[in-house]
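Residue indices begin at 1 and follow the sequence shown.
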Amino acid sequence: MGDSNKTEKSAKPSFFKGVQSEFKKISWPDKTQLFKQSVAVICVSVVLGVVIALLDILFQYGINFLTM
């Protein structure tokens, strides 16, 4: 049990070194790519929100029609 604590403490610095080396490998998008991708995400979110709202209204109308 005492040995496991020692390995956990020695594993932490190597973990952070690994995270740091992985962050160096990331290729971040430039401003134009970031803008285009943000616009695409917003457009898809709005369209999906409208579709869900229309389905909700349709189901609500159908349930009200069946219960009355």
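Taking the side chain to side chain contact (heavy atoms under 4.5 Å, CB included) definition, one finds that Leu55 meets it with Val51, Phe59, sequence neighbours left out. Partners of Lys24 by side chain to side chain donor-acceptor pair (under 3.5 Å), not counting sequence neighbours: none found. Under the rule for a side chain to side chain contact (heavy atoms under 4.5 Å, CB included), the partners of Ile26 that lie at least two apart in sequence or sit in another chain are Phe23, Trp28. Every residue meeting the side chain to side chain contact (heavy atoms under 4.5 Å, CB included) condition with Val39, not counting sequence neighbours, appears here in chain and number order: Phe35, Cys43.
Interatomic distance, CD of Gln37 versus OG1 of Thr32, reported as 9.5 Å (0.5 Å rounding).
Apart from Ile52 itself, the hydrophobic cluster it occupies contains Leu48, where clustering links Ile, Leu, Val, Met, Phe, Trp and Tyr at side-chain heavy-atom distances under 4.5 Å.
Sorted pairs that involve residues 26-50 and meet salt bridge (charged side-chain N to carboxylate O under 4.0 Å, His left out), not counting sequence neighbours, are lacking altogether.
The number of heavy-atom neighbours closer than 6.0 Å to CD of Gln33, taken from other residues, nucleotides and ligands shown, is above 12.
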